[in-house]
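Owing to the predicted nature of the structure, the values given are computational and were not obtained by experimental measurement. All heavy atoms count here, side chains included; hydrogens, waters and symmetry mates do not. Quick note on labels: first sequence line is chain A, next is B, and so on, each numbered from 1.
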Amino acid sequence: MQDAGFERLLMQWNKEQNDRPMPWKGEKNPYKVWLSEIILQQTRVEQGWAYYERFVKKYPDIRLLAKAKDEEVFKLWEGLGYYTRCKNLLHTARFINKNYKGKFPSTYEKIVALKGVGPYTAAAIASFCFDLPYAVVDGNVFRILSRVFGIATPIDTTEGKKQFKELADKMLDKKSPGLYNQAIMDFGATVCKPMLPLCAGCMLNKICKAYQAATVNKLPVKEKVLSKKQRWFSYFIFEAGEKTFVRKRTEKDIWQNLFEFYLIESASHREWDKKMIADFLKQQLGIDSHEVKLITTAASQQLTHQHIKGHFIVVKLNNIPPKLKTKDSLWLSAQEMAHLPFPAFINQHLETKNVQPALF
DNA sequence: AAGACGGGGAA
DNA sequence: TTCCCAGTCTT
């Protein structure tokens, strides 16, 4: 395939027009680059920015991160999503601290072997920190290459991934891989954007196949359509004295390692009134005496593959029922709870003051 | 090869 | 609402 000076034009754009400041830009410290790349996986720069700064401030080096308590790190990650990233972050920090004496590995093979580090992240670290010739292939690169070279191969297929990776490797500026990788991602984020790309003023529009064919908004091609699962969560917030019932989500599901209240899940909408609550508490938990303080209106949150809806029901108890004294249950004060990470779905309820009691 | 995994911003 | 984001891991 004719490259038509893609690399030269991209680097020219970078030199003349790229003005995109980011806290990790130009960073050579592999710990900080690694941290930023993990935070930025499937996450917008604007969303990850403040998280990166908080992490660097709290854990200036990998040793301090390795020695931190799990809950403390998860609390700092709270709200960022994809929480296995946080789990792997801690695992890898401790792994490097123990096995590499705190020194970040400097070869691609060793970097890509780290938990939570795939081909993209390894290429980013290797090129930014060690000037190794590995091309990053992220969402920006798929989009730019498919448009500039007019490639309609679906990017979410094995064949597509292979084709774009080969092209990306071919285009890479082997003399300055770090600069090139930074440039192509900045270009994708600021010019060759997913929606409303700035084609008119684009320095590459003369060589861009999609621009010439007016197919920019058709590329890149994705084959799969994602289906969404509907779930309904009824959260009972049990309060006994100053303590609230809380448990850790350990099952293989969303929000693993985060905390929550007592959960009843149903496949579809479930409405509660005082009588249903009384029956449920009596039959399932052996609770005789209680006071329903609040039944919220439906709360809702969109996730990528799921749509979560549900109620929060605040119930005041006179004492802690035996059935809620299991091994995985915690009864905590508000202050203790404040140190724990919760899903955004729950935090949005906790922070919302406009919860209005349902009529009952 | 397909599915799972969050949350938020923009259109 | 839908799409997509500096992807990776599991099944």
Side-chain angles (χ1 to χ4, degrees), chain A residues 20 22-25 27 33-52 74 77-89 91-92 111-128 134-144 154-162 164-165 168 178 180-190 192-197 217 220-231 249 251-258 300-308 341-348:
Chain A
R20 193 190 186 208
M22 291 178 293
W24 48 81
K25 196 159 172 175
E27 181 63 63
V33 172
W34 164 68
L35 175 63
S36 71
E37 294 301 341
I38 302 299
I39 288 175
L40 265 29
Q41 286 169 3
Q42 289 291 284
T43 304
R44 291 165 188 277
V45 164
E46 311 83 65
Q47 193 187 354
W49 188 305
Y51 282 86
Y52 172 79
F74 270 92
W77 195 275
E78 181 185 53
L80 198 51
Y82 284 164
Y83 296 92
T84 55
R85 288 186 293 171
C86 184
K87 184 187 172 188
N88 289 332
L89 187 81
H91 174 94
T92 293
I111 295 170
V112 81
L114 266 18
K115 265 204 175 62
V117 175
Y120 161 76
T121 303
I125 298 171
S127 64
F128 293 154
Y134 293 88
V136 292
V137 184
D138 71 337
N140 292 303
V141 175
F142 279 120
R143 188 170 60 252
I144 294 165
I155 61 173
D156 54 354
T157 60
T158 305
E159 190 202 343
K161 289 191 177 79
K162 181 171 179 284
F164 283 102
K165 194 212 175 316
Y180 170 92
N181 279 338
Q182 185 62 61
I184 197 167
M185 290 192 285
D186 285 345
F187 181 72
T190 60
C192 199
K193 302 183 289 181
M195 319 256 187
L196 305 177
N217 59 0
V221 173
K222 279 195 180 178
E223 195 172 73
K224 299 170 181 64
V225 285
L226 68 92
S227 63
K228 271 197 181 173
K229 184 163 66 167
Q230 180 82 230
R231 302 174 76 176
R249 287 179 66 89
E251 54 274 17
K252 237 176 125 64
D253 193 3
I254 55 167
W255 305 331
Q256 189 175 42
N257 293 309
L258 271 57
S300 165
Q301 191 187 13
Q302 268 319 325
L303 305 182
T304 301
H305 297 278
Q306 305 184 18
H307 188 182
I308 312 286
F342 287 86
F345 183 74
I346 289 179
N347 276 333
Q348 278 163 19

*Atom CD1 of A:I38 and atom P of C:dG7: how far apart are they, to the nearest Å?*
11 Å
*Nucleotide of C:dA6, B:dG8, C:dT2 approaching A:Q182 most closely (side-chain heavy atoms)*: C:dA6
*Just by modelled atom types, is the A:Y134 backbone N or O under 3.5 Å from a matching donor or acceptor in the A:N181 side chain?*
yes
*Taking C-beta and beyond as the side chain, do A:Y83 and A:Q256 meet within less than 4.5 Å on heavy atoms?*
no
*What orientation do A:F345 and A:W255 show, parallel under 30°, tilted 30 to 60°, or perpendicular over 60°?*
parallel
*Could you state the CZ-P distance from A:R143 to C:dC5, rounded to the nearest angstrom?*
5 Å
_Does B:dG8 have OP1 or OP2 under 4.0 Å away from a side-chain N or O of A:Q348?_
yes
*Check every strand shown and say whether A:R20 touches a base, only sugar-phosphate, or nothing at a heavy-atom separation below 4.0 Å.*
base
*C:dC5 P sits how many Å from A:H305 NE2, rounded?*
13 Å
*Mind checking the P distance from C:dA6 to B:dA11? Whole angstroms is fine.*
15 Å
*If you look at every strand shown and take non-hydrogen atoms under 4.0 Å, does A:Y83 touch a base, only sugar-phosphate, or nothing?*
sugar-phosphate
*Taking the side chain of A:Y82 as heavy atoms from C-beta outward, which of C:dA6, B:dG7, C:dG7 is closest to it?*
C:dG7
*Any A:Q42 side-chain nitrogen or oxygen under 4.0 Å from OP1 or OP2 of C:dC5*: no
_A:G79 to A:Q47 - nearest heavy-atom pair and separation_ = O-NE2, 4.0 Å
*Residue A:Q306, side-chain heavy atoms: nucleotide from B:dC5, B:dG6, C:dT2 that is nearest*: B:dC5
*With a 3.5 Å cut-off and just heavy-atom distances, do the side chain of A:T304 and the base of B:dG6 make a donor-acceptor pair?*
yes
*Output the single nucleotide from B:dC5, B:dA11, C:dC5 whose closest atom is nearest the side chain of A:P194.*
C:dC5
*C:dT10 phosphate, OP1 or OP2: any side-chain N/O from A:K252 under 4.0 angstrom?*
no
*Sugar-phosphate only, base, or nothing, as touched by A:V141 at under 4.0 Å among non-hydrogen atoms*: nothing
_Need one value for A:A124: base, sugar-phosphate or nothing, where a base atom within 4.0 Å counts as base even if backbone is also close, heavy atoms only._
nothing
*Do A:Y120 and A:Q41 meet the criterion of a side-chain donor-acceptor pair at a distance under 3.5 Å?*
no
*Between A:T157 and A:F345, which is nearer to the 5' end of DNA chain B once each is assigned its nearest nucleotide?*
A:T157
*Assign A:D253 to base, sugar-phosphate, or nothing according to its heavy-atom contacts below 4.0 angstrom with the strands shown.*
sugar-phosphate
_Distance between C1' atoms of C:dC4 and B:dC5 (Å, rounded)_ = 15 Å
*State whether the side chain of A:K115 and the backbone N or O of A:H91 hold a donor-acceptor pair below 3.5 Å, judged by distance alone.*
no
*Would you tell me if any nitrogen or oxygen in the side chain of A:W255 comes within less than 4.0 Å of OP1 or OP2 on B:dG7?*
yes
*Roughly, in whole Å, what's the span from CG in A:D156 to C1' in B:dG3?*
13 Å
*Taking atom P of C:dT2 as reference, at what distance in whole Å does atom CG of A:L196 sit?*
19 Å
*Closest to the A:M195 side chain: C:dC3, B:dC5, C:dA6?*
C:dC3
*When all nucleic acid strands are considered with a 4.0 Å heavy-atom cut-off, which category describes A:T121: base, sugar-phosphate, or nothing?*
sugar-phosphate
*For A:W77, answer base if it contacts any base atom (sugar-phosphate contacts may also be present), sugar-phosphate if it contacts only those atoms, and nothing otherwise; contact means non-hydrogen atoms under 4.0 Å.*
nothing
*Rounding to a whole Å, what distance do you find between A:L40:CG and B:dG6:P?*
17 Å
*Interatomic distance where NZ belongs to A:K224 and C1' belongs to B:dG3 [whole Å]*: 11 Å
*Could you give the CZ-to-C1' distance, from A:R85 to C:dC9, as a whole number of Å?*
13 Å
_Side chain A:Y120 and base C:dG7 donor-acceptor under 3.5 Å_ = no
*Please measure how far the P atom in B:dG8 lies from the corresponding atom in C:dC9, and state the result in whole Å.*
24 Å
_I want to confirm an ordering. Mapping A:M22 and A:K115 to their closest nucleotides on DNA chain C, which one lands closer to the 5' end?_
A:M22
*Do the side-chain N or O atoms of A:T43 get closer than 4.0 angstrom to the phosphate oxygens (OP1, OP2) of B:dG8?*
no
*Hey, does A:E46 reach any base, or is it just sugar-phosphate, or nothing, if we go heavy atoms under 4.0 Å?*
nothing
*For A:K193, look at atom NZ and say whether over 12 heavy atoms of other residues, nucleotides or ligands are found less than 6.0 Å away.*
yes
